Amino acid sequence: MWLGLVSTLIAYAACKALYRRFHVVFLNPMITSLVALVLFLHFAHVSYATYDASARWLTSLLGPATVAFAVPLHRHFPVLKAHWPEFLVSLTFGSATGITGSVLLARLLRLNHAVVTSIAPRSVTTPIAMDISQAIGGIPTLTAVFVILTGITGVVVGPWLLRLLRLKSPVARGALFGMGSHGIGTARAFEYGAMEGTCSSLAMIVAAFITLGLAPALVSALG
(Lines give C-alpha, C1' and ligand atoms only; values in the text may rest on other atoms or scores of the structure.)
Protein backbone atom coordinates (compact mmCIF):
# COMPACT_ATOMS: atom_id res chain seq x y z
CA MET A 1 0.00 0.00 0.00
CA TRP A 2 2.82 2.40 0.89
CA LEU A 3 5.33 1.05 -1.63
CA GLY A 4 5.09 3.95 -4.08
CA LEU A 5 5.18 6.66 -1.42
CA VAL A 6 8.07 5.16 0.58
CA SER A 7 10.18 4.30 -2.47
CA THR A 8 9.71 7.81 -3.91
CA LEU A 9 10.70 9.56 -0.68
CA ILE A 10 13.71 7.31 -0.09
CA ALA A 11 14.91 7.65 -3.69
CA TYR A 12 14.62 11.44 -3.63
CA ALA A 13 16.29 11.83 -0.21
CA ALA A 14 19.19 9.56 -1.20
CA CYS A 15 19.68 11.25 -4.56
CA LYS A 16 19.51 14.72 -3.04
CA ALA A 17 22.22 13.73 -0.54
CA LEU A 18 24.32 12.37 -3.41
CA TYR A 19 23.97 15.65 -5.31
CA ARG A 20 24.98 17.70 -2.26
CA ARG A 21 28.02 15.49 -1.79
CA PHE A 22 29.38 15.61 -5.35
CA HIS A 23 27.50 18.59 -6.85
CA VAL A 24 27.68 17.38 -10.46
CA VAL A 25 24.89 18.60 -12.75
CA PHE A 26 24.12 15.11 -14.04
CA LEU A 27 23.56 13.97 -10.45
CA ASN A 28 20.65 16.38 -10.03
CA PRO A 29 18.04 14.52 -7.94
CA MET A 30 15.39 15.11 -10.60
CA ILE A 31 17.50 12.93 -12.90
CA THR A 32 18.93 10.35 -10.53
CA SER A 33 15.75 9.77 -8.49
CA LEU A 34 13.82 9.14 -11.71
CA VAL A 35 16.40 6.61 -12.88
CA ALA A 36 16.50 4.99 -9.44
CA LEU A 37 12.72 4.58 -9.34
CA VAL A 38 12.58 3.13 -12.85
CA LEU A 39 15.28 0.60 -11.98
CA PHE A 40 13.58 -0.27 -8.71
CA LEU A 41 10.21 -0.89 -10.36
CA HIS A 42 11.84 -2.94 -13.10
CA PHE A 43 13.91 -5.24 -10.91
CA ALA A 44 11.26 -5.51 -8.19
CA HIS A 45 8.69 -6.45 -10.88
CA VAL A 46 6.31 -3.74 -9.68
CA SER A 47 3.89 -2.39 -12.30
CA TYR A 48 3.45 1.33 -12.80
CA ALA A 49 -0.26 0.95 -11.94
CA THR A 50 0.67 -0.49 -8.54
CA TYR A 51 3.23 2.23 -7.93
CA ASP A 52 0.87 5.01 -9.01
CA ALA A 53 -1.96 3.75 -6.82
CA SER A 54 0.18 4.02 -3.69
CA ALA A 55 1.85 7.35 -4.58
CA ARG A 56 -1.10 9.15 -6.17
CA TRP A 57 -1.59 11.51 -3.28
CA LEU A 58 1.80 13.07 -4.12
CA THR A 59 0.35 14.02 -7.50
CA SER A 60 -2.71 15.50 -5.79
CA LEU A 61 -0.39 17.93 -3.98
CA LEU A 62 0.30 19.66 -7.31
CA GLY A 63 -2.92 21.64 -6.84
CA PRO A 64 -1.88 23.21 -3.51
CA ALA A 65 1.61 23.72 -4.96
CA THR A 66 0.10 25.88 -7.70
CA VAL A 67 -1.74 28.02 -5.15
CA ALA A 68 1.49 28.31 -3.13
CA PHE A 69 3.07 30.22 -6.03
CA ALA A 70 1.34 33.27 -4.57
CA VAL A 71 3.84 33.22 -1.69
CA PRO A 72 7.02 34.02 -3.65
CA LEU A 73 5.08 36.47 -5.83
CA HIS A 74 4.05 38.38 -2.71
CA ARG A 75 7.44 38.06 -1.01
CA HIS A 76 9.43 39.32 -4.00
CA PHE A 77 6.87 41.74 -5.44
CA PRO A 78 9.27 44.74 -5.19
CA VAL A 79 11.70 42.92 -7.52
CA LEU A 80 8.90 42.13 -9.97
CA LYS A 81 7.64 45.73 -9.80
CA ALA A 82 11.10 47.13 -10.48
CA HIS A 83 11.74 44.90 -13.48
CA TRP A 84 8.24 44.23 -14.83
CA PRO A 85 8.94 45.49 -18.40
CA GLU A 86 11.88 43.09 -18.78
CA PHE A 87 9.90 40.20 -17.32
CA LEU A 88 6.78 40.87 -19.39
CA VAL A 89 8.51 41.26 -22.76
CA SER A 90 11.10 38.50 -22.39
CA LEU A 91 8.77 35.94 -20.84
CA THR A 92 5.96 36.58 -23.32
CA PHE A 93 8.41 36.11 -26.18
CA GLY A 94 9.97 33.07 -24.48
CA SER A 95 6.61 31.45 -23.81
CA ALA A 96 5.38 32.02 -27.36
CA THR A 97 8.65 30.68 -28.78
CA GLY A 98 8.54 27.61 -26.54
CA ILE A 99 4.98 26.72 -27.49
CA THR A 100 5.42 27.41 -31.20
CA GLY A 101 8.74 25.59 -31.45
CA SER A 102 7.39 22.56 -29.60
CA VAL A 103 4.26 22.29 -31.74
CA LEU A 104 6.10 22.80 -35.04
CA LEU A 105 8.76 20.25 -34.15
CA ALA A 106 6.11 17.73 -33.14
CA ARG A 107 4.29 18.35 -36.43
CA LEU A 108 7.54 17.96 -38.37
CA LEU A 109 8.12 14.60 -36.70
CA ARG A 110 4.52 13.65 -37.54
CA LEU A 111 3.56 12.93 -33.96
CA ASN A 112 -0.12 12.41 -33.24
CA HIS A 113 -2.37 15.17 -31.93
CA ALA A 114 -2.31 13.95 -28.32
CA VAL A 115 1.49 14.16 -28.23
CA VAL A 116 1.50 17.57 -29.91
CA THR A 117 -0.86 19.05 -27.32
CA SER A 118 1.02 17.31 -24.52
CA ILE A 119 4.38 18.78 -25.53
CA ALA A 120 3.11 22.34 -26.13
CA PRO A 121 3.19 23.53 -22.47
CA ARG A 122 6.51 21.81 -21.64
CA SER A 123 8.26 25.12 -20.83
CA VAL A 124 6.34 25.84 -17.62
CA THR A 125 6.32 24.30 -14.17
CA THR A 126 4.68 20.89 -13.81
CA PRO A 127 1.41 21.73 -11.96
CA ILE A 128 0.34 24.39 -14.45
CA ALA A 129 1.72 22.51 -17.46
CA MET A 130 -0.44 19.50 -16.60
CA ASP A 131 -3.54 21.68 -16.23
CA ILE A 132 -2.86 23.37 -19.58
CA SER A 133 -2.29 19.99 -21.21
CA GLN A 134 -5.60 18.66 -19.96
CA ALA A 135 -7.42 21.81 -21.09
CA ILE A 136 -6.12 21.61 -24.68
CA GLY A 137 -6.60 17.85 -25.08
CA GLY A 138 -3.17 16.56 -24.09
CA ILE A 139 -2.10 13.81 -21.72
CA PRO A 140 -1.02 15.39 -18.39
CA THR A 141 1.30 12.55 -17.34
CA LEU A 142 3.07 12.74 -20.70
CA THR A 143 3.36 16.50 -20.31
CA ALA A 144 5.04 15.98 -16.94
CA VAL A 145 7.71 13.87 -18.64
CA PHE A 146 8.35 16.60 -21.23
CA VAL A 147 8.55 19.22 -18.47
CA ILE A 148 11.15 17.19 -16.58
CA LEU A 149 13.21 16.61 -19.73
CA THR A 150 13.05 20.33 -20.52
CA GLY A 151 14.16 21.23 -17.00
CA ILE A 152 17.07 18.79 -17.09
CA THR A 153 18.18 20.09 -20.49
CA GLY A 154 17.97 23.66 -19.18
CA VAL A 155 20.26 23.12 -16.21
CA VAL A 156 22.79 21.33 -18.42
CA VAL A 157 22.77 23.91 -21.24
CA GLY A 158 22.07 26.99 -19.10
CA PRO A 159 25.59 27.59 -17.70
CA TRP A 160 27.03 27.23 -21.21
CA LEU A 161 24.53 29.82 -22.52
CA LEU A 162 25.46 32.24 -19.74
CA ARG A 163 29.08 32.08 -20.86
CA LEU A 164 28.24 32.23 -24.57
CA LEU A 165 25.91 35.24 -24.21
CA ARG A 166 28.11 36.83 -21.51
CA LEU A 167 25.12 37.54 -19.33
CA LYS A 168 26.17 39.44 -16.22
CA SER A 169 22.82 40.83 -15.05
CA PRO A 170 21.35 38.77 -12.18
CA VAL A 171 17.86 39.54 -13.54
CA ALA A 172 18.72 38.20 -17.00
CA ARG A 173 20.52 35.15 -15.62
CA GLY A 174 17.62 34.33 -13.32
CA ALA A 175 15.03 34.84 -16.05
CA LEU A 176 16.97 32.49 -18.33
CA PHE A 177 16.86 29.66 -15.80
CA GLY A 178 13.26 30.31 -14.73
CA MET A 179 11.92 30.44 -18.27
CA GLY A 180 14.11 27.64 -19.59
CA SER A 181 14.02 25.06 -16.84
CA HIS A 182 11.38 26.00 -14.21
CA GLY A 183 11.87 24.58 -10.71
CA ILE A 184 15.08 22.67 -11.47
CA GLY A 185 16.51 25.79 -13.07
CA THR A 186 15.49 27.91 -10.08
CA ALA A 187 17.43 25.63 -7.75
CA ARG A 188 20.42 26.00 -10.08
CA ALA A 189 19.98 29.79 -10.24
CA PHE A 190 20.20 30.07 -6.44
CA GLU A 191 23.67 28.53 -6.72
CA TYR A 192 24.73 31.68 -8.61
CA GLY A 193 23.22 34.08 -6.09
CA ALA A 194 20.11 35.15 -4.18
CA MET A 195 19.01 37.67 -6.84
CA GLU A 196 19.41 35.12 -9.64
CA GLY A 197 17.34 32.62 -7.68
CA THR A 198 14.66 35.17 -6.84
CA CYS A 199 14.35 36.32 -10.46
CA SER A 200 14.29 32.72 -11.66
CA SER A 201 11.46 31.94 -9.25
CA LEU A 202 9.48 34.96 -10.44
CA ALA A 203 10.20 34.17 -14.10
CA MET A 204 9.01 30.60 -13.63
CA ILE A 205 5.71 31.73 -12.13
CA VAL A 206 5.02 34.62 -14.50
CA ALA A 207 5.91 32.49 -17.55
CA ALA A 208 3.51 29.80 -16.34
CA PHE A 209 0.57 32.19 -16.25
CA ILE A 210 1.51 33.76 -19.59
CA THR A 211 1.61 30.28 -21.13
CA LEU A 212 -1.75 29.52 -19.56
CA GLY A 213 -3.21 32.28 -21.70
CA LEU A 214 -1.14 31.73 -24.85
CA ALA A 215 -1.12 27.93 -25.20
CA PRO A 216 -4.76 27.31 -26.22
CA ALA A 217 -4.70 30.09 -28.82
CA LEU A 218 -1.31 29.17 -30.32
CA VAL A 219 -2.01 25.42 -30.44
CA SER A 220 -5.32 26.12 -32.16
CA ALA A 221 -3.74 28.56 -34.62
CA LEU A 222 -0.93 26.15 -35.50
CA GLY A 223 -3.52 23.44 -36.04
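Computed from a predicted model, the values in this text were never measured in an experiment.
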Practice item. Using side-chain hydrogen bond (donor to acceptor under 3.5 Å, both in side chains) as the criterion, list what pairs up with Thr8, not counting sequence neighbours. Key: Tyr51

Revision key, fill the gap. Contacts of Ser123 meeting side-chain hydrogen bond (donor to acceptor under 3.5 Å, both in side chains) (sequence neighbours excluded), chain-then-number -> none

What are the two closest non-hydrogen atoms of [X] and [Y], and how far apart are they?
X	Y	value
Gly4	Ser54	N-OG, 2.7 Å
Val155	Ile152	CG2-O, 3.1 Å
Ser181	Gly151	CB-O, 3.3 Å
Ile119	Ala106	CG2-CB, 4.1 Å
Ala120	Val219	CB-CG2, 3.7 Å

Would you be so kind as to tabulate the donor-acceptor pairs closer than 3.5 Å made by side chains of residues 156-177, with sequence neighbours excluded?
from   : atom 1 : to     : atom 2 : distance (Å)
Ser169 : OG     : Val171 : N      : 3.3
Ser169 : OG     : Ala172 : N      : 3.3
Arg173 : NH1    : Leu167 : O      : 2.7

Practice item. Would you please name every residue forming a ring pair (Phe, Tyr, Trp, His ring centres under 6.0 Å) with Tyr19, sequence neighbours left out? Key: His23

Show me the donor-acceptor pairs, under 3.5 Å and distance only, between side chains in residues 40-50 and residues at least two apart or in other chains.
from  : atom 1 : to    : atom 2 : distance (Å)
Ser47 : OG     : Thr50 : N      : 3.2
Ser47 : OG     : Thr50 : OG1    : 2.9

For [Y], does its backbone N or O pair with a side-chain atom of [X] as donor and acceptor, under 3.5 Å?
X	Y	result
Ser133	Ile139	yes
Thr117	Ala114	yes
Ser118	Gly138	no
Ser200	Glu196	no

**Study point:** Sequence-distant partners of Glu86, salt bridge (Lys or Arg N to Asp or Glu O under 4.0 Å), two or more places apart
**Key:** none

Review point. Can you list the residues that meet the salt bridge (Lys or Arg N to Asp or Glu O under 4.0 Å) rule with Arg122, with sequence neighbours excluded?
Key: none

Cluster partners of [X], using ILVMFWY side-chain heavy atoms under 4.5 angstrom, listed by chain and number?
X	value
Val145	Leu149
Leu88	Trp84
Phe93	none

Check your understanding: Which pairs, with at least one residue in residues 89-106 and sequence neighbours excluded, count as a salt bridge (charged side-chain N to carboxylate O under 4.0 Å, His left out)?
Key -> none

Under 3.5 Å, which donor-acceptor pairs link side chains of residues 201-215 to any protein atom two or more places apart or in another chain?
from   : atom 1 : to     : atom 2 : distance (Å)
Thr211 : OG1    : Ser95  : OG     : 3.3
Thr211 : OG1    : Ala207 : O      : 2.8

